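Not measured: the values here are computed from a predicted model. All values below come from the heavy atoms of this structure, side chains included, with hydrogens, waters and symmetry mates left out.
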Amino acid sequence: MYQEKMVLNGQHWISVTDPSDEDIQQLKTKFQLTNKFQSYVKDSRERSRFEYNDQTKMAMLIWQVIVKHKSLAEYQVIPVSFIVIEDTLISILPANASLVNQTLQMIFEQKGTQKTSMLTVLLQLLWQLNDQYIDQIDEINTSREMLTKFHKNPSNQQIKALSSLSNQLVHLTTAIDNNVMAIQQIKINGDDEADVLVLTDKERHLISDVEIETKQSQQMTQDTADLVDRLSNTYNNLLNNTLNSTMRFLTVWSLILAVPPIISGFYGMNMHLPLASGNFAWIGTVIMTVILIIMIVYLVNKRK
């Protein structure tokens with residue numbers, strides 16, 4: 001859905017939610033959107049990147065944002081696109097990333113009638129979107145600390161919860177790494193003397209701040225992933241020890257229970273055997289069985 005959200009001091013903000021082919025065609029007609037940028041907008045799995053076209057004076061940023069999945073009790077990472085053309089900012093995002101537009105609306109309201117470059121507005125938005133990663137990492141750390149409070153062995157529910165955290169961290173780690181690369185691409189384009197992209201001192205300062213914050217989120221995500229991985233190894237060790245103990249118990253009992261059938265099998269045969277005569281001969285077989293069981297238990301304990 002194509003909407004022109006705001007026009008202030010000659011600056012335009014256009015929001016495109018769940019872009020259709022008609023919306024893309026409208027952008028192409030009105031702003032001469034290149035085929036390359038069109039392909040980026042349509043790709044729902046595009047990685048974070050920054051591209052600048054010096055012919056059309058058009059900059060495009062794809063950024064990974066976190067949104068909460070409605071049906072699952074976890075978050076997912078999706079790409080959103082931003083196009084900056086002089087005094088026009090175009091945000092292109094799926095419907096479930098409405099928080100991006102809400103944050104952008106708040107930034108425009110805060111700046112009021114003050115004229116600010118659209119790249120500055122975009123960088124301020126990235127600064128605030130980065131807080132979502134930190135909030136999500138805090139939630140994961142809280143869940144991880146709860147999962148460390150198991151008694152002897154982790155339950156199936158705890159194992160499933162740990163697996164969910166690991167999956168989320170894989171997506172978060174990949175997304176934040178891509179975001180770091182994207183912000184560095186903006187910095188490189190602005191520092192390159194041969195490039196047409198010209199940055200003001202304020203924009204350079206904001207880029208450095210966003211880069212620092214993004215790298216901090218990257219380090220926090222990596223540290224959390226390492227802690228979850230160590231917890232997962234602890235779970236595996238506990239489960240392996242439990243399995244070994246169970247197999248040891250079953251092995252000992254299988255040896256013990258193998259003795260009575262051997263004794264009763266011999267004395268159940270229709271042939272003469274020692275101590276097989278008399279009304280109480282069965283007592284002898286019981287005694288032999290008990291002696292053999294005691295010997296097996298002694299040998300097993302001795303050899304551990």
>> To check you understand the geometry: which heavy-atom pair defines the closest contact between Ala95 and Thr17, and what is its length?
In response: CA-CG2, 3.7 Å

> Taking only residues two or more places apart in sequence, or in another chain, which ones meet Arg230 in a salt bridge (Lys or Arg N to Asp or Glu O under 4.0 Å)?
Replying inline: none

>> Please determine whether side chain to side chain contact (heavy atoms under 4.5 Å, CB included) holds for the pair Tyr133 and Gln218, giving the CA-CA distance in whole Å, both sets of side-chain angles, and the decisive distance to 0.1 Å.
In response: CA-CA 9 Å; Tyr133 284 90; Gln218 181 186 40; over 6 Å; no

> Side chains of Ile183 and Leu123: closer than 4.5 Å at any heavy-atom pair?
Replying inline: yes

> Gln64 and Ala175: which non-hydrogen atoms are nearest, and at how many Å?
Replying inline: CB-CB, 3.7 Å

> Looking only at heavy atoms, which two atoms of Met58 and Leu33 are closest? And how far apart?
Replying inline: SD-CD1, 3.7 Å

> Distance from Leu206 atom CG to Thr200 atom OG1, nearest 0.5 Å?
Replying inline: 8.0 Å

> Under 4.5 Å between side-chain heavy atoms, hopping through other hydrophobics if needed: is there a path connecting Ile296 to Ile294?
Replying inline: yes

> Okay, side chain of Ser164, backbone of Ala161: is any donor-acceptor separation there less than 3.5 Å?
Replying inline: no

> So, for Ile134 and Met220, which heavy atoms are closest and what is the spacing to 0.1 Å?
Replying inline: CG2-CE, 4.1 Å

> Shortest non-hydrogen contact from Asn167 to His171?
Replying inline: O-CD2, 3.1 Å

> If you measure from CG on Leu147 to CD on Gln157, what distance do you get to the nearest 0.5 Å?
Replying inline: 9.5 Å

> Is the closest side-chain donor-acceptor distance between Asn141 and Glu145 under 3.5 Å?
Replying inline: no

>> To the closest 0.5 Å, what do you measure between CG (Asp131) and CG (Leu126)?
In response: 11.5 Å

>> Determine whether Ile62 and Phe37 satisfy the following criterion, side chain to side chain contact (heavy atoms under 4.5 Å, CB included), listing intermediate values before the conclusion.
In response: CA-CA 10 Å; Ile62 299 177; Phe37 284 4; over 6 Å; no

> So how far is it from Ile293 CD1 to Leu255 CG, rounded to the nearest 0.5 Å?
Replying inline: 11.0 Å

> Strictly by modelled atom types, are Ser117 and Glu203 linked by a side-chain donor-acceptor pair under 3.5 Å?
Replying inline: yes

> Could you give all pairs that pass the side-chain hydrogen bond (donor to acceptor under 3.5 Å, both in side chains) test and reach residues 208-217, with sequence neighbours left out?
Replying inline: Asn130-Ser217, Lys187-Glu211, His205-Asp209, Glu211-Lys215

> For Asn233, does the CG atom have more than 12 heavy-atom neighbours from other residues, nucleotides or ligands under 6.0 Å away?
Replying inline: yes

> Considering the options Leu162, Leu169, Leu227, which one meets the side chain to side chain contact (heavy atoms under 4.5 Å, CB included) requirement together with Arg144?
Replying inline: Leu227

> Got Val16 and Ile14 here, is their nearest side-chain heavy-atom distance under 4.5 Å?
Replying inline: yes

>> Under 4.5 Å between side-chain heavy atoms, counting indirect links through other Ile/Leu/Val/Met/Phe/Trp/Tyr residues: same cluster for Val228 and Val170 or not?
In response: no

> Tell me, do Phe50 and Met60 make a side-chain contact under 4.5 Å, heavy atoms counted?
Replying inline: no

> Can you list the steps and then say if Leu99 with Gln132 is a side chain to side chain contact (heavy atoms under 4.5 Å, CB included)?
Replying inline: CA-CA 10 Å; Leu99 180 62; Gln132 295 178 338; 2.6 Å; yes

> What do you reckon, is CG of Asn244 surrounded by more than 12 foreign heavy atoms closer than 6.0 Å?
Replying inline: yes

> What residues, two or more places apart in sequence or in another chain, satisfy salt bridge (Lys or Arg N to Asp or Glu O under 4.0 Å) together with Glu51?
Replying inline: Lys36, Arg49

> Short question: side chain of Asn178, backbone of Arg47 - any donor-acceptor pair under 3.5 Å?
Replying inline: no

>> Hydrophobic cluster membership, with links at side-chain heavy-atom distances under 4.5 Å among I/L/V/M/F/W/Y: are Val100 and Met106 in one?
In response: no

> If Ile, Leu, Val, Met, Phe, Trp and Tyr residues are connected whenever their side-chain heavy atoms lie under 4.5 Å apart, and connections chain through other members, are Leu129 and Trp127 in the same group?
Replying inline: yes

>> Test side chain to side chain contact (heavy atoms under 4.5 Å, CB included) on Leu172 and Ile140; report intermediate values, then the result.
In response: CA-CA 11 Å; Leu172 288 177; Ile140 291 178; 3.6 Å; yes

Which pairs would a plain distance check flag for residues 80-94, meaning a side-chain donor or acceptor within less than 3.5 Å of a matching protein atom at least two apart in sequence or in another chain?
| unit_1 | atom_1 | unit_2 | atom_2 | d |
| --- | --- | --- | --- | --- |
| Ser91 | OG | Trp13 | NE1 | 3.2 |
| Ser91 | OG | Asn101 | OD1 | 3.3 |

>> Enumerate the ring pair (Phe, Tyr, Trp, His ring centres under 6.0 Å) contacts for residues 225-247, please, sequence neighbours excluded, ordered by first and then second residue.
In response: Phe150-Tyr235

>> Contact between Leu104 and Val121 at the side-chain level, heavy atoms closer than 4.5 Å - yes or no?
In response: yes

>> I need the minimum non-hydrogen distance between Val67 and Asn96, along with the two atoms involved.
In response: CG1-O, 3.3 Å

> Taking Gln128 for the side chain and Ile107 for the main chain, is one N or O donor matched with an acceptor at less than 3.5 Å?
Replying inline: no

> Taking atom types as modelled and ignoring hydrogens, do the side chains of Asp23 and Ser20 form a donor-acceptor contact shorter than 3.5 angstrom?
Replying inline: yes

> In chain order, what residues pass the side-chain hydrogen bond (donor to acceptor under 3.5 Å, both in side chains) check against Gln38, with sequence neighbours excluded?
Replying inline: Asn35

>> Just by distance, no angles: are the side chains of Thr242 and Ser245 close enough, under 3.5 Å, to form a donor-acceptor pair?
In response: no

> Rounded to the nearest 0.5 Å, how far does OG1 of Thr234 lie from CG of Asp229?
Replying inline: 9.5 Å

>> Within the structure provided, determine whether Thr221 and Asp177 are in side-chain contact (heavy-atom separation under 4.5 Å).
In response: no

> Say you draw a straight line from CD1 of Ile137 to CD1 of Ile66; how long is it, rounded to the nearest 0.5 Å?
Replying inline: 7.5 Å

> Looking only at side chains, do Gln136 and Gln168 share a donor and an acceptor under 3.5 Å apart?
Replying inline: yes

> Linking I/L/V/M/F/W/Y whenever any side-chain heavy atoms sit under 4.5 Å apart, do Trp63 and Met181 land together?
Replying inline: no

> Going through the checks in order, is the side chain to side chain donor-acceptor pair (under 3.5 Å) test met by Asp21 and Gln25?
Replying inline: CA-CA 6 Å; Asp21 292 337; Gln25 185 61 37; over 6 Å; no

> Is there a donor-acceptor pair under 3.5 Å between the side chain of Asn241 and the backbone N or O of Asn237?
Replying inline: yes

